[in-house]
Amino acid sequence: MESVLGLVRHPGNDGLFQAVEMSLLSTLAGRPLHIHAEGLRGTGKTTIMRRVRRVLPRIRRIKGCLYNCDPAAPHCPVHRGLSPAEVAALGEERVPMPFLEISHAAKIGTVVGSIDLGRLVRAAEPEAALLPGTIPQAHRGIIFVDEINRLAETSPELADVLLDVMGTKPGRIQIEETGLPAVELPVQVTVWAASNPDEDPGPLEEIRRQLSDRFDFVVYTDRPTEAAVVERILTAVESRSWRGPQLDEGRADGFRRLLEDRAALVEQVRLTVGLRQQIAELYSRFQVESLRAVQTLQLGMRLAAALERRSEVRMEDLARVAPLAL
């Protein structure tokens with residue numbers, strides 16, 4: 001993936017590349033996999049996560065649906081309850097997987113949803129209707145939050161919304177506006193976040209432990225330590241035009257096709273009884289705080305095998321995923 005993105009992979013960021021690849025695959029397969037990247041500033045956490053936006057795989061949705069309704073399972077207020085024939089009549093389209101960001105200045109209405117003012121004030125047939133916010137529009141895709149430790153401190157109401165979204169899979173969100181009935185929606189959203197735990201206000205787990213625990217993978221990123229790696233990074237930066245790195249569309253399409261192919265394999269990957277017993281032993285022997293961690297470990301092992309087009313999990317998958325999930 002790093003070659004497609006035009007980035008340099010090294011021991012300090014290898015874990016984040018692995019986590020991003022597995023999370024993309026899991027999201028495409030219909031299973032959100034939340035990632036929190038921690039590390040010193042300047043280690044490329046945000047760059048890696050944001051650059052993925054350029055090579056996102058495509059999803060099928062009901063044509064024009066702002067909520068990204070899957071034609072096979074419509075869920076939004078407009079399309080849920082429609083028959084297959086009615087959905088077919090609306091048509092479908094393939095669009096890039098959503099990748100949206102929540103900023104520290106965001107308001108609840110823009111993140112959750114609010115009254116659609118355009119429809120309310122139009123001259124012909126005005127009506128009160130909901131406009132979905134960032135989270136409903138990111139259904140079946142990714143939401144990125146930079147410096148999430150700062151957001152958790154300064155916007156606790158947004159942190160509460162993220163807890164609802166990440167608490168179950170799928171998550172849930174409720175849109176409420178005066179004069180309109182409350183609308184509750186299932187949301188299948190993967191949350192990616194980055195933070196610098198050595199800077200104010202400190203590590204996320206010390207600010208909002210409950211939110212910190214919602215992340216499936218926590219990845220520590222570090223600076224490169226070898227001069228040869230730094231030289232490769234400098235060469236890559238120098239070769240880019242002022243407009244930014246140029247994307248090789250052929251390689252990007254190849255990466256998208258690879259993800260789509262591997263996503264179909266995730267459910268077919270077998271986990272042997274022996275490996276499942278080892279996961280259970282890890283949980284009991286080291287008194288892992290939450291079952292969520294070992295459930296994520298099991299999913300991560302399946303994803304690692306699927307990425308390599310294998311139908312069975314191996315012991316090396318456990319060694320590869322355990323540092324991320326535990």
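Residue numbers start at 1 and run along the sequence shown. What you see below is based on every heavy atom in this structure, not just the backbone, and it leaves out hydrogens, waters and symmetry mates.
Residues Arg9 and Glu21 are paired through a salt bridge, judged by an N-O separation under 4.0 Å between the basic side chain and the carboxylate. Arg314 and Glu316 are joined by a salt bridge, as a carboxylate oxygen and a charged side-chain nitrogen come within less than 4.0 angstrom of each other. Of the charged side-chain nitrogens involved, none lies within less than 4.0 Å of a carboxylate oxygen, so that Arg257 and Asp261 do not count as a salt-bridged pair. A salt bridge links Asp317 with Arg310: the closest approach of a Lys/Arg side-chain nitrogen to an acidic carboxylate oxygen falls below 4.0 angstrom. Ion pairing of Arg31 with Asp216 is absent here, as no side-chain N (NZ or NE/NH1/NH2) approaches a carboxylate O to less than 4.0 Å. Glu308 has a carboxylate O that lies under 4.0 Å from a charged side-chain N of Arg320, or vice versa, which qualifies the two as a salt bridge. Residues Glu157 and Lys107 are not paired through a salt bridge, judged by the lack of any N-O separation under 4.0 Å between the basic side chain and the carboxylate. Taking a cutoff of 4.0 Å between a charged side-chain nitrogen and a carboxylate oxygen, Glu267 and Arg262 do not qualify as a salt bridge.
Here the closest non-hydrogen pair linking Thr190 and Pro32 is OG1-CA, 3.1 Å. The two residues Arg292 and Arg214 make their nearest non-hydrogen contact at NH2-NH1, 3.6 Å. For the pair Ile173 and Pro136, the tightest heavy-atom approach, listed with the atom from each and the gap, is CD1-CD, 4.2 Å. When all heavy atoms of Asn196 and Glu147 are compared, the pair lying nearest together is ND2-OE2, 4.3 Å. Here the shortest heavy-atom pairing between Arg172 and Gln174 reads NH2-OE1, 3.6 Å. Met49 and Ala37 get closest at one heavy-atom pair: CE-CB, 3.8 Å.
For the side-chain contact (heavy atoms from CB on, under 4.5 Å) criterion with Ile102, the lone passing option out of Val111, Val161, Thr110 is Val111. Of the candidates Val191, Ile143, Thr27, Leu162, His34 forms a side-chain contact (heavy atoms from CB on, under 4.5 Å) with just one, namely Val191. Of the residues Leu24, Val20, Leu100, Val189, the one that meets the side-chain contact (heavy atoms from CB on, under 4.5 Å) test with Ile142 is Leu24.
Using a 30° and 60° split on the angle between ring planes, His36 and Phe215 fall in the tilted class, from 30° to 60°.
The side-chain hydrogen bond (donor to acceptor under 3.5 Å, both in side chains) pairs that include a residue from residues 55-71 are Arg60-Glu92, Arg61-Asn68, Arg61-Glu93, where partners are two or more places apart or lie in different chains.
In this structure, the side chains of Val288 and Leu282 stay at 4.5 Å or more apart for every pair of heavy atoms.
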**Study point:** Verdict with reasoning, Phe217 to Leu16, per side chain to side chain contact (heavy atoms under 4.5 Å, CB included)
**Key:** CA-CA 9 Å; Phe217 286 170; Leu16 181 54; over 6 Å; no
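Judged by distance alone, the side chain of Asn13 and the main-chain N or O of His10 form a donor-acceptor pair under 3.5 Å.
For Glu226, the CD atom is loosely surrounded, since the number of other residues' heavy atoms within 6.0 Å does not exceed 12.
With sequence neighbours excluded, no residue forms a side chain to side chain donor-acceptor pair (under 3.5 Å) with Gln295.
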